[in-house]
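These notes concern the structure reproduced below.
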There are 2 protein chains.
Amino acid sequence: MTTLKELAALLNISVSTVSKALNDSHEISEKTRIRVKELATKLNYKPNRIAQQLKTNKSKTIGVILPTVTNPFFAEVLHGIERTATDNDYDIIVCLSNENYTKEKKSLELLSNGSVDGFIIAVARESQVKKQTEHIDAILKSKIPVLMFDRVVNEINCDKVVVDDFQSVYEATEYLIKKENRKNILLVSNIEELSVGKLRIKGYSKAVQAHDLKPEILKLDNAIDVDIEKRIYNYLKNNKIDAILSIDHITGIVAINMAKKLGKDIPKDLSVVGFGYEHTQLLSSPKISIIHQKAHKIGEMSMKLLVDSIKEEDHELKTIIVPSELKLSESSK
Amino acid sequence: MTTLKELAALLNISVSTVSKALNDSHEISEKTRIRVKELATKLNYKPNRIAQQLKTNKSKTIGVILPTVTNPFFAEVLHGIERTATDNDYDIIVCLSNENYTKEKKSLELLSNGSVDGFIIAVARESQVKKQTEHIDAILKSKIPVLMFDRVVNEINCDKVVVDDFQSVYEATEYLIKKENRKNILLVSNIEELSVGKLRIKGYSKAVQAHDLKPEILKLDNAIDVDIEKRIYNYLKNNKIDAILSIDHITGIVAINMAKKLGKDIPKDLSVVGFGYEHTQLLSSPKISIIHQKAHKIGEMSMKLLVDSIKEEDHELKTIIVPSELKLSESSK
DNA sequence: TTGTAAGCGTTATCAT
DNA sequence: ATGATAACGCTTACAA
C-alpha cells in the first residue's frame, strides 16, 4: 500500500504538503496539487483507514449483533442495516450470538475497544430468557451508544426500534373474528419465551377475550422439525378449530400442510394467518395470510437512529415503533 | 476509554512500563505488574484496537461481500463464516452487493485501504452475467488475498470453494432415472444465467442424455412470484412429466404445491427434487427431496482457507469442492 | 506556498 | 526494573 511518505519522497516534497494537496487545501499551489494527485492516482494511493481512525478517534463502523441470520426476519433486517450504513458511510461488523448469552457478551466486549462507534443489537434468546443483560449495561456505561431492536430489554435505557407486536396480532385476531367470523382460533407459538412472543400472545388473548371467546394456545416450546408437524397435526385432528394464528414464520405454513392432510378446506373450513417475509406466501398453497413485518424498514430505522445518536451532542433516547401490515391471501379477500 | 497514558499518569510510572506490565513482560517486577493490572481492571482498560492495528499493520478483519443474505444459502454460509472467523480471532465486515456490480465494486474499493486483511466474495449476478471482474483483479494486484465461493470466476486466479454443482445434479438425475424409474424429468430453473445454474443444467443434461432421455427445461429467467406459479402450473398441466428437478430453493416447493393443485399424487405420479436448506423440507408437504448444500461448511472452509493463505508465506492457490448430499424425502425411501 | 512537529495509542528498541 | 524514544500513517496547528 502506497503511503503519504512514499509519495512525498518520490516528489521531493514534505508529507504535509502531499496530505494537504490531496485534501484540496487552499494553501497549496495549483501546480503541486496536480503533480501530487497525478502520482497518487498512478500509484493507486488510498489513505490508510486505520491511521485515519486513530487520528479522529472514530471507527465509522457499527457493531451489529444478531441472534441468527438464517431466520429470514433477521436476514432482512440486516439487509436494511447494511444499506443504510453504506448510505451513511459506515461499515458494519457482524457478529452472530447464535441465541447464546456467552457469545453475545464476548462479541460486545471484543468490539468495545474502539473497533466500533456504536452497537445495534437484537438480544439473544438466552439473555432474554435468563434476564442476563449486565453486559449491555456495561457497554452503555462506557459511553458507547447501543440501539436495541425487536428483542428489547425494557429495563435498559437506550434507543429502541420495535415492531407493534401486541397491536398487529390484536388486529389480526379481530380480523379473523369480525370479518371471517371465526370462533375457535388456535394460536400456535414456537417463541413464547421471547419478549416478542409474549407480546403477540397478549395481543391475541386480549382480542379473543374482548369478543367473549376462549383462548386456545398450542405452545411448541422450541420443538424440532418432526415434532412440530406431529403436534400440530394431532391438535387439529382432536380439536374443533376454524382459524389458526401462528406467531412465527414457520408454523403457519406447516399448519396449512397438516390441515390439508386432514382434508380441511382452506380457506372455507379454516383461515390461516402467520408471520411472514419475502417468500412466505409463495411457499404456501393455498396462500397463507401474513402479518408482514417491515423488516427492511426496521433495519433502516435502527441504523438511522443510531447514526443520529452518535452525531447529536445531547441525544434524547427514543423508541420507534414500526407498524406491520396484514397481507391477506388472495383467497380470503 | 482508558489509555496507557492515563494509567501511567495515575501510577506515576512511564507508559512503556505500563504496557510491559500488562503484557506480562519478564522485565517488570511482580509488584508493579500487580499494581498496574489492578488499576487496569478497575478502570476497565482495554488496549485500543485501532492503535494496535496501525502498529502491526494488520486489521484482523475480513471483508465479506455477498450478493444477498435473504437467500438462505448465503445466510447459512455467512453463519459458517462468522463462526470460523470468531474461532480464529477475526472480525468480519459484511457488505451486500445486492447482485449489483457497482455496489460490489464500491465495497471492494472502500475496504481495500487497510480495513481488511482479505476478502471472501460470492460474485454478484450482474458481475457474473456481464463478465465484469476487473475490480476483483485490481484487489489481487494490490496483494490483498481474495477467496471466491459458489459464484466463482474461472478466469481469476485465487482460492476458491465451490459446490459440486455438476456432480450433485448429475447424481440426483440419475437417481430419478434409475431408482425411481422416471422418464420425463423436467428441470425448473430460475438461475440459468449464473455459473452455478449453468453447471447444474449441464449435470442434468448429461445424465438425461446418458440414459437416452430427452431434456426438458423450464427457464423462468428471474421471474417474479406470481409468474413463477403460473408458469409452472401451466407447464405441468400441458406436459406429461413424472419428475421435477428444481435447481434453486424456491421453485421445487412451488412445483409441489402446483402439482397438488392439479391433483397429482406425490410421490406416486411425480417425484420432486430441489435444492434446500435448514427448513426447506419442513415447509413442503408431501416432503420434497433435496440436494442439501453444506452451506455452513462452505462458509467454514472459505474462512479457514483464507486465513491460511494470509498466514502462509508462500501460499499456493487451491480450489476446494464441498460435496452436497441428496436428502430423500421419507416417502420416496 | 511549503515545511516542521506534535499527536492519536500502542509496541519495540534501546538506554539507564 | 524502569524509562525515553521512535515508529505505524495520517492530520493539523504552527513556522518559515
Side-chain angles (χ1 to χ4, degrees), chain A residues 1-37 39-40 43-61 89 110-117 142-144, chain B residues 1-37 39-40 43-61 89 110-117 142-144:
Chain A
M1 280 205 16
T2 317
T3 65
L4 286 184
K5 212 190 202 175
E6 288 167 23
L7 292 180
L10 287 168
L11 294 166
N12 270 313
I13 56 178
S14 79
V15 170
S16 64
T17 307
V18 177
S19 171
K20 285 172 189 164
L22 290 172
N23 291 306
D24 290 315
S25 165
H26 332 275
E27 303 175 16
I28 302 298
S29 73
E30 180 80 11
K31 211 183 74 191
T32 45
R33 204 177 57 214
I34 293 178
R35 232 163 55 93
V36 170
K37 287 202 172 177
L39 186 63
L43 298 187
N44 193 25
Y45 168 80
K46 283 177 199 160
N48 183 312
R49 179 116 170 291
I50 308 284
Q52 286 179 322
Q53 289 176 352
L54 183 61
K55 187 77 191 147
T56 59
N57 203 21
K58 285 187 174 48
S59 65
K60 288 290 250 171
T61 304
D89 292 319
L110 282 175
L111 293 180
S112 58
N113 58 0
S115 296
V116 302
D117 296 339
S142 71
K143 299 294 174 201
I144 305 178
Chain B
M1 279 205 17
T2 317
T3 65
L4 286 184
K5 212 191 203 174
E6 289 167 23
L7 292 179
L10 287 169
L11 294 167
N12 270 315
I13 55 179
S14 77
V15 170
S16 58
T17 306
V18 177
S19 172
K20 284 174 189 163
L22 290 171
N23 290 306
D24 291 314
S25 164
H26 330 274
E27 300 176 16
I28 303 298
S29 74
E30 180 80 9
K31 210 182 77 192
T32 46
R33 204 178 55 214
I34 293 179
R35 230 161 58 89
V36 170
K37 288 202 172 179
L39 187 63
L43 298 188
N44 193 25
Y45 167 81
K46 283 178 200 160
N48 182 311
R49 179 113 169 296
I50 309 282
Q52 285 179 322
Q53 289 176 351
L54 183 62
K55 191 78 189 141
T56 59
N57 203 22
K58 285 188 172 49
S59 65
K60 288 290 248 172
T61 303
D89 292 319
L110 281 175
L111 294 180
S112 58
N113 57 0
S115 297
V116 301
D117 296 339
S142 71
K143 299 294 174 201
I144 304 178

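Lettering of chains follows the sequences in order, A, B, ..., and the numbering in each one begins at 1. Remember, predicted model here, so these are calculated numbers, not experimental data.
Evaluation of atom-type donor-acceptor distances gives a pair under 3.5 Å for the side chain of A:Lys20 against the base of C:dG3. Between the side chain of B:Ser16 and the base of D:dA4 there is at least one donor-acceptor pair of N/O atoms closer than 3.5 Å. For C:dG7, its base sits under 3.5 Å from the side chain of A:Lys55 at one donor and acceptor pair at least.
Across all strands, A:Asn57 comes closer than 4.0 Å to no nucleic acid atom at all (heavy-atom distances). Within 4.0 Å (heavy atoms only), A:Thr32 reaches sugar-phosphate atoms of the nucleic acid but no base atom. Using a 4.0 Å heavy-atom criterion, one finds that B:Lys46 contacts the sugar-phosphate atoms exclusively. Contact annotation for B:Ile13: backbone-only contact, meaning every heavy-atom pair under 4.0 Å involves sugar-phosphate atoms and none involves a base. Heavy atoms of B:Ser29 sit under 4.0 angstrom from primed sugar atoms or phosphate atoms, though from no base atom.
For the pair A:Glu27 and B:Ile28, nearest-nucleotide mapping onto DNA chain D gives the more 5' position to B:Ile28. Between A:Thr3 and B:Ser25, it is B:Ser25 whose nearest contact on DNA chain D lies nearer the 5' terminus.
In this structure, B:Thr17 and B:Leu11 have side chains that are not in contact, with every pair of non-hydrogen atoms separated by 4.5 Å or more. The shortest distance between side-chain heavy atoms of A:Tyr45 and A:Leu39 does not fall below 4.5 Å. Residues B:Thr2 and B:Asn44 have side chains not in contact (no heavy-atom distance under 4.5 Å, counting atoms from C-beta outward). Between B:Leu43 and B:Leu7 there is a side-chain heavy-atom pair separated by less than 4.5 Å.
Per the geometry, CZ belonging to A:Arg33 stands 13 Å off C1' belonging to C:dT1, to the nearest Å. As rounded to whole Å, 19 Å separates atom P of D:dC10 from atom NZ of A:Lys60.
Put simply, A:Ser14 has no side-chain N or O that comes within less than 4.0 Å of OP1 or OP2 on C:dT4. Using a 4.0 Å cut-off, no side-chain N or O of B:Gln52 falls inside it from OP1 or OP2 of C:dG9. Close to C:dC8, at under 4.0 Å from its OP1 or OP2, lies no side-chain N or O of B:Asn48.
Distances were taken from every side-chain heavy atom of A:Ser19 (C-beta onward) to each of D:dT11, C:dG9, C:dG3; the shortest belongs to D:dT11. In the set C:dT10, C:dC8, D:dC8, the nucleotide with an atom closest to the side chain of A:Lys5 is D:dC8.
A distance of 7.0 Å separates CZ in A:Arg49 from CG in B:Leu111, rounded to the nearest 0.5 Å.
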